[in-house]
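Encoded as structure tokens, the structure appears first; notes follow it.
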Amino acid sequence: MLGSTPGWPTVLADGPVVLRPYRRSDAKAWSEVRCANQAWLAPWEAAPPGPWQELNSTRAYLYVYRDMRRAARGGESMPFAVCLRGNDGRDELVGHLNLGNIVRRAFSSAYAGYWVDARVAGRGVIPTALALAVDHAFGPGGLHRIEVNIRPENVPSRRVVEKLGFREEAYHQRYMHIDGNWRDHLGYALTNDEVAAEGGLLARWRRVSA
Ligand SMILES: CC(C)(COP(=O)(O)OP(=O)(O)OC[C@H]1O[C@@H](n2cnc3c(N)ncnc32)[C@H](O)[C@@H]1OP(=O)(O)O)[C@@H](O)C(=O)NCCC(=O)NCCS
């Protein structure tokens, strides 16, 4: 069934990196990767109060899945499971990338958020995923601008957007409640004209990572 969001649902891929909509059957894989990565993810994520293992249980996934599906169907977001395709052709769920808070008409903008399993960090999985998602957002998705907001201390995440050529354009004080406090964030953004001038973001990423 077609969703009400232009460009959604869709599957995007480059090499072994595959972005696809979540499935109900992702519960076990999602819960396992989230529970194994508590110390890696907690400093950077806005989370409701409660024990991590409960918030990331297979049971909790059903609520997360329902919310993601509802937001995607309502045109508010494009939530992708980030998978790595093995030599056997099977996809393993290793991360998440969401284009959220989609506002259309004169704004036509979204915020990108992401994480990857620490066990596959440093292999360019998220830069590839973000480049695929941004190219899709600016093409079939019909958006004009993508923003990413990052805590200044999060050097790996800042490297992701810097390698992709996002502009640092704002400093938001006490921007979001994360890991027990209101945290400042740096604002980065790209508009579709900048990306078109590069021949697409995936093309740019291939050039800089070659
Ligand atoms: C930020 C994050 C998504 C980057 O994903 P990735 O697929 O590893 O991205 P890259 O492979 O491009 O690596 C980015 C940077 O991480 C650092 N890095 C590399 N290998 C690493 C490893 N094994 N462990 C930790 N950091 C590593 C490097 O600084 C690298 O930058 P470089 O290319 O200039 O060397 C990932 O680190 C992550 O999930 N962190 C926790 C959650 C998070 O911060 N989410 C974003 C919130 S804004």
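If you read the sequence from its start, that first residue is 1, and numbering goes on from there. In each ligand, atom 1 is the first atom listed, and ligand 1 is the first ligand listed.
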Take His172 and Leu186, measure what side-chain contact (heavy atoms from CB on, under 4.5 Å) needs, and give me the verdict at the end.
-> CA-CA 6 Å; His172 307 290; Leu186 286 165; over 6 Å; no
Are Tyr114 and Trp44 close enough that their ring centers fall under 6.0 Å?
-> no
Give a yes or no answer on whether the side chain of Asp184 reaches the backbone of Tyr171 with a donor-acceptor pair at less than 3.5 Å.
-> no
What are the atom names and distances for all N or O pairs under 3.5 Å between ligand 1 and the protein?
{"unit_1": "ligand 1", "atom_1": "7 (O)", "unit_2": "Val125", "atom_2": "N", "d": "3.4"}
{"unit_1": "ligand 1", "atom_1": "7 (O)", "unit_2": "Ile126", "atom_2": "N", "d": "3.0"}
{"unit_1": "ligand 1", "atom_1": "8 (O)", "unit_2": "Gly122", "atom_2": "N", "d": "2.8"}
{"unit_1": "ligand 1", "atom_1": "11 (O)", "unit_2": "Gly122", "atom_2": "N", "d": "3.4"}
{"unit_1": "ligand 1", "atom_1": "11 (O)", "unit_2": "Arg123", "atom_2": "N", "d": "3.2"}
{"unit_1": "ligand 1", "atom_1": "11 (O)", "unit_2": "Gly124", "atom_2": "N", "d": "2.7"}
{"unit_1": "ligand 1", "atom_1": "12 (O)", "unit_2": "Lys163", "atom_2": "NZ", "d": "2.5"}
{"unit_1": "ligand 1", "atom_1": "33 (O)", "unit_2": "Lys163", "atom_2": "NZ", "d": "2.6"}
{"unit_1": "ligand 1", "atom_1": "34 (O)", "unit_2": "Arg159", "atom_2": "NE", "d": "2.6"}
{"unit_1": "ligand 1", "atom_1": "34 (O)", "unit_2": "Arg159", "atom_2": "NH2", "d": "3.1"}
{"unit_1": "ligand 1", "atom_1": "39 (O)", "unit_2": "Val116", "atom_2": "N", "d": "2.9"}
{"unit_1": "ligand 1", "atom_1": "39 (O)", "unit_2": "Val116", "atom_2": "O", "d": "3.4"}
{"unit_1": "ligand 1", "atom_1": "44 (O)", "unit_2": "Asn154", "atom_2": "ND2", "d": "2.7"}
{"unit_1": "ligand 1", "atom_1": "45 (N)", "unit_2": "Tyr114", "atom_2": "O", "d": "2.9"}

Apply the test side-chain contact (heavy atoms from CB on, under 4.5 Å) to residues Trp30 and Asn56: give CA-CA distance (whole Å), side-chain angles for both, the deciding distance (0.1 Å), then the verdict.
-> CA-CA 8 Å; Trp30 179 87; Asn56 294 285; 3.5 Å; yes
Ring centres under 6.0 angstrom apart (His144, Phe138) | no
Below 4.0 angstrom, N of the basic side chain to O of the carboxylate: do Arg34 and Glu45 qualify?
-> yes
